[in-house]
Amino acid sequence: MSIKVSDPLALLPYQNGLADPVLVEGAAEAAGDLTAKQRAYKIGDPVPIVFCRRVGSNGGVLVSPGATEGRYQNDATTNELTVSLHLVLSEGDLPTIPIKDVFAGPCRQGTWDQNYDRRSGLWTPGNLVTTVEGKTPWSCPFYCGTGGRYEDMTTLSYVNSFPDGSDRWDQQVHVFVRQGIKVTRIIDSTLGPSNNVIDLALYLMNSSGRIPPELIDNAQMLAAANFCETNGFYYNGVFKESLNLDEWLEQIGNDFLLRLVEIDGKFGFKPRLPVNQNNTINTSAVDWLFTFTEEHLLPDGFEIQYIPLEDRKPVCLQMMWRQQPDSDIGFARTTEVRYTGEAAAGPFEQYDLSQFCTNETHAVKVAAYRLARKKYITHTLRLNVRPASYNSTLKLGNVVRVRLRRETATTALSYHDFLYEIDRIEKTAGGACVFDLTQLPIDDQGRSLVALDVVAATAAGVQLSSGRSNFICDENESDDETPLGSTGTTFTPNPDDTSADLPTPITEFPGGGFPPIGPNLPNPIDDNPLDPLDAEPGGDFIDGPSGFDGSPGVGNVLSVPSEDFDGEVCWTRVGSDGTDTDLGCSDTYTVVTDDIGSQIKASGGGSADPATSSGFGPDIPLGTTQPVVNNIEILDTTRQKLYSFKIEYYSDFTKRLCTSPFTVTAGSQTTELATNYNITTFGVRIAGDYEGSEISPCGDTRAIKRNAILEIYTGTAWVKFTSLWGGNLTSSTSFNETYDWGTYFKNVTVDGSRIF
Amino acid sequence: MAQRAQSQFLRIFDGSTTYVRWQNYYVNQAVTLDSAQWSYMPFGASGVVESGASGGKSVEISVPATNIVVEAFTYALSLGRLCELKVYEFSSSIDQTAPQASQQLIASYTAEVVNVSGTFTRLDVELGSSLSPVGAQVPPRKFTNFLIGAPLRI
């Protein structure tokens, strides 16, 4: 079933990011506790992706990795506890991290190793803690992990000792990652860390396997990446929440002033603002590609939707981002953005960019964009226009002008005259085009008001203190650039222990041209169970025939048993020429000589049905007999006992069987057959002339080949006759001249007596 | 307006291999376009939508359920082959026997065959993206026993 509804125009502001999504307000993503308990990864958790690139004094991300293995051992005398943790930092290969960037809780402590695609450290997991007399026992985990392959992951080993009674042994460790996983950067085609959100989007699109490479618009992606790079919109974050890719692409686009588009079926991003050739935001007069007038509109082709009041009210946006000092742990920041004189005391709307944004200007420009659109954009349009040159020229994101004359009086002309950005194009099969347009507000110089405000928006640029009072817990220096160690080992578990491979699937699928059921399977079409309710009314209920194959003979009393039919039975003689003769209605019918050669049909007035005037339902057939034959008793010679035939013969290499009556064309010998063998009377029709002599069993005019077998009913049993004439009985030219019954049925005997 | 005509060209392909090329305008003849032969198939395509909004961007094609068609789309659906629909506009007053050099490409849509339904005599093929708007898809990798064994339990 397919239900197709066109998107209401009222949804357009929400679809294009103009109206705000439902807000979820809470703590900033970057405001996690530093001294929380160390967490452990669980089977099924997403493998995090650390995506960042610190350039100058901006960028990088603090990661709080989960542990997969642990070792806990205390000194038997001092009770000093040594904690060893194995941690997974990120998917992919990260550049080596300096010792100054690893933390145990808030402090630079511990001995560290870093590896890619293998386990870090050589210690074995386990709980080796013993109770020391006079000391407080350590309460460490007992299930300490077993280790795995750590394929395509950056891993860390952390070892640290804690004195007796320390409450810091289980604090979360943190790593400040300045350079994230290596990807091929789209801008310079170089493998290395990236802070461009387009590189992350491409990485996720490709690694998810959801979008074939052919459906990614690389040109659009490159343009969008250059836009982000030029305007300082960077992604420095950990991608760790399990998300829907389509939804994430849309949302992340909004936070980078990009629009996710699908043009020609290919995914790409386009800047939400007009841009110059050098990828900066264009603040000069906006040019448009086409002007729609009344000439283009189809009847009822104009639909307008104004932005609702709730989405236009002045607000103050609280933009959350992350201040990332070079030598300290980053922390969440807020910047309030509002138009001067508006929303001084709220309402407030919160936007959390702290998971990836380390640049205040980025956050402020996103806020300016949202506020400017709220402020200036008043409506959206849907135009239904006839096909014209714009069919092939206008693309998503292009700017068009709509100038329509409004005539309310002879002297009162006005114009609906605005610029719009194309948000959606539907090219119908009929040729008409439907454009969904969002107003592009401009000033008196034709410049985009939104672009002007975004470009003008600048951050205060004040770096707040992190509030750290001292560094006395640091055991490693804050300027120690020494790389982490690389001690590690490769554990190679057997994949068969944790996977189940099915056989190689077939690659040839049956299509419409092949029968889906092969020749080796039983054909089920004849096996369907019968449904008695589907049967025709009535049936074959006549009792009384006593002859061959149920044929009635003269004198037989025919009846329909009352258990089969309880109504009135009427009898009809059906002649061989198809004529019907009414024989009256009674419970029984006695066959007479006039019936020989004809069939007797019984029908009834249906079952009792008080709803009808006759008291019976509609007539239903109760059966039709075989043609009435003469009684065997009137035959007085062996030959005259021949009243029915079966002939088995081979034709076209197929064994066929025909039971009498069948046609014997005997030409001038008709009389001889009738007189000598009496077969006319007993079901064999003799017709035609000498020239057309042939035997046509059951109307089969195919040649009767050699060695046919004739069976004749003698009145008591079927007798098979062999040694039939060996010629071709249907080839009139071959036996016309030697026509003789004794020749055709040579040596035919019945009960030992030759009859032909 | 009266001279405006549209032809649609449909191609099922996978990498550099093209499996079928059909067109629906030049009746009962194969025509040459882009140095390739396009045979006649009386299919009909719905409008092509370009949009930034999630979902609602699929194109539907109705096509007679001949053996060739059923086989082509069965394979496309099963093996993830791509389908390309191109819509050309041209003047019907010039030449209707072959694609004109001056015809304009007004829409092009490349997508996966994401759904096929219909009757015994007609197939309705939906072209779109297998990128579902629901369900979690990223990060693509999850922690497994092969990757991390039986992990630490705190």
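It should be emphasised that the depicted structure is a prediction, and the values quoted were computed from it without experimental measurement. We name chains A, B, ... by the order of the sequence lines, and we start the count at 1 in each one. Every heavy atom of this structure was used, including side-chain atoms; hydrogens, water molecules and symmetry mates were not.
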Would you mind reporting whether [Y] and [X] have side-chain heavy atoms less than 4.5 Å apart?
X	Y	value
A:S392	B:E89	no
A:F239	B:P139	yes
A:E151	B:R141	yes

Segment of B:T110 engaging chain A (4.5 angstrom heavy-atom cut-off) = both
Under a 4.5 Å heavy-atom cut-off, does chain A meet the side chain of B:L105, its backbone, both or neither?
-> backbone
Which atoms of A:E69 come close to chain B, meaning under 4.5 Å heavy atom to heavy atom: side chain ones, backbone ones, both, or neither?
-> backbone
Check each atom of A:V88 against the heavy atoms of chain B and say whether the ones under 4.5 Å are side chain, backbone, both or neither.
-> side chain
Check [X] against [Y] and note the closest heavy-atom contact, atom names and distance.
X	Y	value
A:Y143	B:L152	O-CD1, 3.2 Å
B:R153	A:P141	O-CB, 3.4 Å
B:F143	A:P46	CE1-O, 3.5 Å
B:A150	A:T146	N-OG1, 2.7 Å
A:Q38	B:I154	O-CD1, 3.2 Å

Which residues satisfy the side-chain hydrogen bond (donor to acceptor under 3.5 Å, both in side chains) test with A:N384, sequence neighbours excluded?
-> none
The single option from A:N244, A:L204, A:L249, A:I49 passing side-chain contact (heavy atoms from CB on, under 4.5 Å) against B:V138 = A:L204
Just do the side-chain contact (heavy atoms from CB on, under 4.5 Å) check on B:Y109 and A:E262 with the steps written out, would you?
-> CA-CA 10 Å; B:Y109 188 78; A:E262 193 178 339; 3.8 Å; yes
